[in-house]
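Here's the structure, in structure tokens; my notes come after.
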Amino acid sequence: PPRLYAGEADRRRQRFYRMPNNDHIGGVRLNLRGREPDGRVDPAHAADEMEWLRAELLNLVNVDTGAVAVRSVERAEDHHARSPGDAFPDLFIEWNHDAPITTVSSPSIGTVHCVVAQWRTGDHRPAGLLLATGAHLGRSAVMPPVAMLDMAPTIMAALGVEPGDLDGAAIPWLAAPVTVA
């Protein structure tokens, strides 16, 4: 059977590896021959590899709680249109975040312990996400990108508070004053 993730430096020898995604929904990509520079998995066996890995991940137990460590494992192609050059993981892993996971165990892999350096909620996105509502904003309108630096001055302007020497500037179309009835 394939080995579990052993680190970036060992990718050439791995059949699959962790893909940067986020800590709430993890990603695994097969080291697929013809797609990856050092591909090891024959595309004819990709489905079997993903099913084996899915079953192994679902068998992981959080040693500290006794609960499952993984809630679900989904194939990316079941949720996204794939193209040959995309950078999607092949599998998405939904971790069980009821408690921190530092040690997992299963009958086939044994026990694995990892010290977690930081905890992230998993709701971070490189481009961010801003949801706004107001009479001055169109229904279901897609607005232009905004700089994070401008968010505090914008909120302050909407509340009628002087930002002082705060960096950034209020975004005029977003900073309509708030009226309290």
Side-chain angles (χ1 to χ4, degrees), residues 1-32 35-36 39-41 45-83 86-134 140 142-143 145-152 154-155 159 174:
R3 293 182 336 146
L4 294 178
Y5 174 71
E8 292 292 323
D10 205 20
R11 184 179 289 181
R12 290 184 313 275
R13 296 185 290 144
Q14 293 175 201
R15 299 182 66 75
F16 43 85
Y17 52 90
R18 180 181 58 92
M19 282 291 294
N21 195 45
N22 63 44
D23 293 337
H24 183 70
I25 303 292
V28 172
R29 187 170 171 100
L30 292 181
N31 196 0
L32 200 59
R35 180 179 72 180
E36 310 300 333
R40 297 197 29 106
V41 175
H45 301 294
D48 292 337
E49 290 284 328
M50 285 189 279
E51 184 51 37
W52 177 87
L53 183 55
R54 179 185 169 284
E56 290 298 318
L57 288 164
L58 290 172
N59 279 329
L60 292 175
V61 172
N62 182 339
V63 171
D64 295 328
T65 65
V68 296
V70 174
R71 290 189 192 274
S72 69
V73 179
E74 301 286 331
R75 291 177 67 160
E77 65 192 35
D78 292 342
H79 302 279
H80 301 285
R82 300 293 302 266
S83 64
D86 72 28
F88 275 129
D90 292 306
L91 294 173
F92 291 114
I93 304 161
E94 181 183 2
W95 296 99
N96 178 354
H97 283 286
D98 289 346
I101 301 170
T102 58
T103 307
V104 294
S105 182
S106 82
S108 61
I109 68 163
T111 301
V112 177
H113 177 75
C114 178
V115 176
V116 179
Q118 65 181 3
W119 182 263
R120 285 184 51 185
T121 62
D123 57 358
H124 300 271
R125 291 175 167 69
L129 174 66
L130 172 65
L131 302 174
T133 185
S140 301
V142 176
M143 301 300 179
V146 299
M148 185 65 197
L149 189 66
D150 296 335
M151 290 310 302
T154 301
I155 293 167
L159 295 173
L174 190 55

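The structure places CD1 of Ile93 at 4.5 Å from CG of Leu57, a figure rounded to the nearest 0.5 Å. Taken from CD1 in Ile101 to CG in Asn96, the straight-line distance is 6.0 Å, to the nearest 0.5 Å. In this structure, CG on Asn62 lies 7.5 Å from OG1 on Thr103, to the nearest 0.5 angstrom. The distance from atom OG1 of Thr154 to atom CG of Leu159, rounded to the nearest 0.5 Å, is 11.0 Å.
In plain terms, the two heavy atoms of Ala76 and Pro89 that are nearest each other are CB-O, 3.1 Å. Nearest heavy atom pair, residue Val70 against residue Trp95, reads CG2-CZ3, 3.5 Å. Here the closest non-hydrogen pair linking Met19 and Ala87 is CE-O, 3.1 Å.
Applying the ring-ring contact (aromatic ring centres under 6.0 Å, His included) test to every pair with at least one member in residues 57-81, sequence neighbours left out, gives these pairs: His80-Phe88, His80-Phe92.
Of the options Arg29, Glu74, Glu49, Met50, a side-chain contact (heavy atoms from CB on, under 4.5 Å) to Leu91 is made by Met50 and by none of the others.
By the salt bridge (charged side-chain N to carboxylate O under 4.0 Å, His left out) test, Asp98 is found to be paired with Arg71, residues two or more places apart in sequence or in another chain being considered. Contacts of Ser108 classified as side-chain contact (heavy atoms from CB on, under 4.5 Å), with partners at least two apart in sequence or in another chain: Glu56, Ser106.
At least one side-chain heavy atom of Asp90 sits under 4.5 Å from a side-chain heavy atom of Arg82. Taking 4.5 Å as the limit, some side-chain heavy atom of Phe16 sits within range of a side-chain heavy atom of Leu30. At least one side-chain heavy atom of Leu60 sits less than 4.5 Å from a side-chain heavy atom of Ile109. Side-chain contact check for Leu58 versus Val68: every heavy-atom pair is 4.5 Å or farther apart.
A distance-only check finds a donor-acceptor pair linking the side chain of Ser105 to the backbone of Gly110 [under 3.5 Å]. Proximity of a side-chain donor or acceptor of Asp86 to a complementary backbone N or O of Ser83 within less than 3.5 Å is detected.
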- Message: With side-chain contact (heavy atoms from CB on, under 4.5 Å) as the criterion, how do Asn31 and Arg13 come out once you've worked through the C-alpha distance, each side chain's angles and the decisive distance to 0.1 Å?
- Response: CA-CA 9 Å; Asn31 196 0; Arg13 296 185 290 144; over 6 Å; no
